[in-house]
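Each chain gets a letter, A, B and so on, in the order the sequences are listed, and its residues count up from 1.
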Amino acid sequence: MPFVEDARDARAAAMPILAGLNPEQLAAVTLPPEHALILAGAGSGKTRVLTTRIAWLLQTGQISPGGILAVTFTNKAAKEMLTRLTAMLPLNARGMWIGTFHGLCNRLLRAHYKLANLPQAFQILDTQDQLSAIKRLYKQHNVDDERFPAKQMQWFIAGCKEDGERPGDVAVHDADSRRKVEIYQLYEEQCQREGVVDFGELMLRSYELLRDNDAVRDHYRRRFRHVLIDEFQDTNRLQYAWVKMIVGLPGEGGGAVMAVGDDDQSIYAFRGARVGNMADFVREFHVQHQIKLEQNYRSHSNILDSANALIAHNTKRLGKSLRTDQGAGEPVRVYEAPSDFAEAEWVVDEMRQLVKGEGMARKEIAVLYRSNAQSRVLETQLFNAGVPYRVYGGLRFFERAEVKHALAYLRLLENPRDDTSFLRVVNFPPRGIGARSIEQLQDAARAAGTALADAVASVPGKAGANLAAFVARIDVLREQTEGQTLREIIERMLDDSGLLEHYRAERDGADRVENLQELVNAAESFVTQEGFGRDAVALPVDETAALTQSPASQGLDPNAPLLNEPIAAPPGVVDEDTGETLSPLAAFLTHAALEAGDNQAQAGQDAVQLMTVHASKGLEFDAVFITGLEEGLFPHENSLSDFEGLEEERRLMYVAITRARQRLYLCHAQTRLLHGQTRYNVRSRFLEELPEGALKWLTPRQGGFASIAAAQSGGHRARPAWGNSAIYPDMVASAPLPPRKAEPEHGIRTGAKVFHNKFGEGQVMAVEGSGDDARAQVNFPRHGLKWLALAVAKLTVVE
DNA sequence: TCCTTTCCCATTTTT
DNA sequence: TGGGAAAGGA
């Protein structure tokens with residue numbers, strides 16, 4: 001076979017896709033098939049490198065689509081990758097595994113559901129479902145919700161799973177933790193009984209599947225010669241373990257891993273992301289190729305200089321500095337407003353300037369804030385000014401109550417044992433089944449050890465009859481929709497369940513009715529896009545048998561000649577031998593659970609974009625306003641107590657800054673309404689960490705509180721000395737003060753007990769400065785540590 | 001069974 | 001201050 005020649009030709013033909021790459025990008029794209037870490041700075045063309053890498057591997061004939069595994073964090077990123085890839089080269093993407101961690105885990109579990117000890121049509125619990133499952137369990141087992149808040153329990157369970165711990169693995173030190181583990185155990189049993197898995201379970205169960213089944217693990221290790229992982233800095237412990245399992249460490253026969261990430265953009269530690277995975281990866285995989293992508297194609301240099309200077313204040317970094325060929329551009333403008341209201345006003349004014357004066361498109365302007373609550377003032381101002389805007393965040397399509405109700409009916413068609421869904425709709429629309437009836441049913445089901453649906457006969461009287469009628473209704477619907485198209489099934493369900501009728505009769509039900517119609521559309525486009533039409537591309541029922549029997553399905557053998565055609569029918573394509581498929585309905589329900597849909601209103605309109613800094617990650621805009629740059633808000637007060645938290649806040653600020661292409665505005669307000677109270681805030685320390693030369697202060701720059709913290713402990717390592725406190729006007733202090741040795745005239749000494757009008761009695765922890773600049777750090781029992789300007793604060797010495 | 005009242009809480013969030 | 005959830009009354 002003239003394979004070698006083919007490959008050369010292919011390599012030559014591949015050149016066009018390499019055109020325009022800078023040297024680092026080109027090096028990354030054309031690395032040999034060995035483990036590599038790509039440190040990709042913001043705006044450095046990371047996605048382009050990833051997709052071009054895959055395209056290059058394919059075009060040079062080094063790999064067939066079936067040998068590629070590409071993992072992302074969001075569905076959006078996965079889609080983007082696939083879109084760009086198919087634009088780059090004509091390609092049968094079918095054999096490729098591109099998706100989110102959870103999507104790929106789902107695929108694995110569907111393909112090997114027997115080995116994974118799951119029912120074929122297992123359903124996926126989203127966060128809401130999981131919480132209601134826990135609450136239900138609490139009632140059944142008389143768990144005290146006061147002592148073990150359900151939300152906290154949910155967090156606990158998710159945390160255990162992320163650490164790869166089953167109930168038996170969790171360390172127990174006291175009665176409380178023992179009880180928590182018991183509840184975890186009960187929760188696991190409930191899920192197993194009902195045939196449902198939560199998000200963490202998808203990861204953990206597929207990890208265990210690979211760990212415990214040599215044949216399966218070897219199959220995928222042989223198959224995936226190239227594994228690419230995006231946003232590696234966001235992986236948690238379990239995800240990294242999963243990667244190690246599906247690839248294998250060096251010498252274990254797996255393919256090459258290309259991890260792409262940016263430690264400076266790691267902003268999800270609070271939900272389990274471990275930046276440390278990057279260093280672990282380098283060590284454990286003996287990574288020889290590390291490439292930094294530092295050329296930025298997005299921003300002018302004033303913006304980049306600011307980002308670089310800011311992030312240089314972090315200590316735990318792999319080290320990276322962005323550069324650009326674009327000129328300095330506009331200075332970064334800093335504005336101080338008297339209040340949050342005025343801040344919003346100013347932002348809106350400035351924004352209209354950009355649109356009117358500079359002809360900037362509204363959708364190219366973004367307003368970023370640290371917490372969602374800040375959007376309100378902005379929205380009010382925008383609304384009053386008649387500026388179209390769009391807020392990211394909030395409920396997503398598949399999370400809306402009416403859509404969840406509809407999905408619950410559909411899930412019951414697939415899996416009558418799904419008690420979460422059962423309870424959600426057993427009396428919705430209302431059909432005379434009250435709390436007592438349900439309690440009776442739950443007792444009966446528990447006594448018999450069956451699902452709720454199977455226990456209806458044991459409930460006596462009218463209640464029992466009603467319940468039986470409900471179950472019968474679902475059963476009938478299941479029979480009648482047998483073999484129908486997804487669209488027909490859903491339309492019929494909407495009618496027979498009474499959902500549509502119910503919302504039509506409701507006063508404000510129009511939107512909900514519309515959403516239910518939209519559900520039909522979503523299903524329709526799912527069918528066409530995912531190929532659930534005539535060709536019935538679906539998941540094989542069990543790939544395990546196929547992989548042990550058919551050598552062709554073993555994927556690429558490293559020693560075998562490369563083939564030009566797809567090696568095997570990968571999971572995800574119908575198994576032609578058995579013809580078994582997952583039903584379109586089951587597949588659609590999975591889709592609904594794994595992809596909650598859009599969470600932005602009125603997409604497509606030319607509107608100003610409002611979002612949290614977190615939500616802005618990965619996006620870019622011509623102009624960016626970062627608002628609320630105040631101590632306690634950004635950095636957030638809850639992050640001030642520890643060093644790591646502060647560094648994450650700084651990375652967050654770094655992400656925010658690097659969203660801007662041309663113009664960047666930083667603003668803060670002296671006062672802000674929070675929880676119905678006016679708070680006096682001091683401008684954020686982050687503003688002090690930016691290079692003077694890149695900034696333009698639109699309002700006179702006054703002393704900053706943050707700079708004191710820095711001066712105190714000699715630079716950016718400052719640990720904030722104040723606690724969770726609101727900051728009061730008399731706490732305002734000015735720029736770094738030269739400590740003087742002269743005897744203070746205020747008479748406040750370290751260790752003294754003092755009295756403050758607002759905070760009461762407290763102990764002086766430290767005193768610095770003199771004259772008007774003198775300030776004392778006081779520990780108030782009820783308000784925590786505070787720095788007070790002695791010229792302003794009226795402190796009387798008690799002792 | 002539904003609607004009102006009360007209470008509690010209050011970063012960031014994808015799957 | 002305001003939203004969401006749970007408890008209590010018609």
Side-chain angles (χ1 to χ4, degrees), chain A residues 71-78 99-106 124-132 135 139 145-146 149-151 155 158 161-162 197-204 206 230-231 234-236 238-239 266-273 340 368-377 392-396 398-399 401 427-438 466 506 590-599 611-618 628 632-641 645 648-649 651-653 655-656 672-679 724 726:
Chain A
V71 196
T72 63
F73 263 84
T74 62
N75 293 298
K76 200 175 148 200
T100 61
F101 274 104
H102 293 86
L104 295 167
C105 287
N106 172 61
I124 298 165
L125 297 186
D126 67 14
T127 320
Q128 280 177 40
D129 299 332
Q130 188 188 23
L131 188 64
S132 68
K135 285 185 178 165
K139 284 207 178 123
D145 188 82
E146 298 271 281
K151 276 244 175 66
W155 191 76
K161 292 189 179 183
E162 272 172 20
V197 299
D198 59 43
F199 288 133
E201 188 68 25
L202 278 174
M203 284 297 322
L204 183 52
S206 60
D230 195 12
E231 306 280 15
D234 287 338
T235 51
N236 63 35
L238 179 57
Q239 284 160 338
S266 156
I267 55 173
Y268 286 111
F270 72 91
R271 65 170 200 220
D340 52 347
L368 309 185
Y369 35 81
R370 176 65 240 268
S371 64
N372 286 304
Q374 287 170 253
S375 74
R376 167 164 288 144
V377 217
Y392 278 62
L395 270 195
R396 308 166 80 223
F398 286 116
E399 289 167 356
N427 194 38
F428 194 93
R431 45 176 76 88
I433 298 175
R436 225 189 17 246
S437 309
I438 291 168
N466 281 343
E506 214 175 58
T590 297
H591 166 81
L594 288 179
E595 195 165 349
D598 244 342
N599 65 352
M611 67 192 83
T612 63
V613 180
H614 281 94
S616 76
K617 191 174 166 213
L633 198 63
F634 197 2
H636 196 275
E637 57 190 4
N638 296 1
S639 312
L640 294 178
S641 53
E648 177 145 320
E649 293 287 306
R651 291 193 292 270
L652 201 48
M653 179 68 182
V655 167
R672 186 173 293 276
L673 219 54
L674 198 69
H675 310 326
Q677 283 185 322
T678 304
R679 282 189 25 163
N724 56 345

In whole angstroms, how far is the P atom of B/dT14 from the CG atom of A/Asp198? 17 Å
Given atom NZ of A/Lys76 and atom P of B/dT15, what is their separation to the nearest angstrom? 10 Å
Nearest to the A/Pro430 side chain among C/dA5, B/dT13, B/dC2, which nucleotide is it? B/dC2
Side-chain N,O (A/Ser639) to OP1/OP2 (B/dT11) below 4.0 Å: no
Is the phosphate of C/dT1, meaning OP1 or OP2, less than 4.0 Å from a side-chain N or O of A/Arg376? no
Can you tell me how far P of B/dT14 sits from CD of A/Glu201, to the nearest Å? 22 Å
Of all the nucleotides listed (B/dT13, C/dG3, B/dT15), which has the minimum atom distance to the side chain of A/His102? B/dT15
Quick check: does any side chain N or O of A/Asn427 sit under 3.5 Å from a backbone N or O of A/Arg431, one acting as donor and the other as acceptor? yes
Look at all strands and tell whether A/Asn427 reaches a base, only sugar-phosphate, or nothing, counting heavy atoms closer than 4.0 Å. sugar-phosphate
Among the nucleotides B/dT15, B/dA10, B/dT13, whichever has the atom closest to the side chain of A/His675 is B/dA10
For a quick check of understanding: with a heavy-atom distance under 4.0 Å over all strands, which category does A/Glu649 fall into, base, sugar-phosphate or nothing? base
When you match A/Ala596 and A/Glu648 each to their closest nucleotide on DNA chain B, which lands nearer the 5' end? A/Glu648
Any N or O donor-acceptor pair under 3.5 Å from the base of B/dT14 to the side chain of A/Thr127? no
For A/Leu368, which contact category applies under a 4.0 Å heavy-atom criterion: base, sugar-phosphate, or nothing? nothing
So, is A/Asn372 near the phosphate of B/dT13, with a side-chain N or O under 4.0 Å from OP1 or OP2? yes
Separation of B/dT13 P from A/Asp234 CG (nearest whole Å): 13 Å
Distance in angstrom units between A/Leu674 CG and C/dG3 P, rounded: 15 Å
Among the nucleotides B/dT14, B/dT13, B/dT11, which one has an atom lying closest to any side-chain atom of A/Arg396? B/dT14
At under 4.0 Å between heavy atoms, what does A/Phe270 touch on the DNA or RNA strands: base, sugar-phosphate, or nothing? base
Whole angstrom value for the distance that separates P of C/dT1 from CZ of A/Arg672: 18 Å
It should be established whether A/Asn75 places a side-chain nitrogen or oxygen under 4.0 Å from OP1 or OP2 of nucleotide B/dT15. yes
List the steps, then state whether salt bridge (charged side-chain N to carboxylate O under 4.0 Å, His left out) holds for A/Arg376 with A/Asp340. CA-CA 10 Å; A/Arg376 167 164 288 144; A/Asp340 52 347; over 6 Å; no
Please tell me whether A/His102 and A/Phe73 form a close aromatic pair, meaning their ring centres lie under 6.0 Å apart. no
Which is true for A/Lys151 with a 4.0 Å heavy-atom rule: it touches a base, it touches only sugar-phosphate, or it touches nothing? nothing
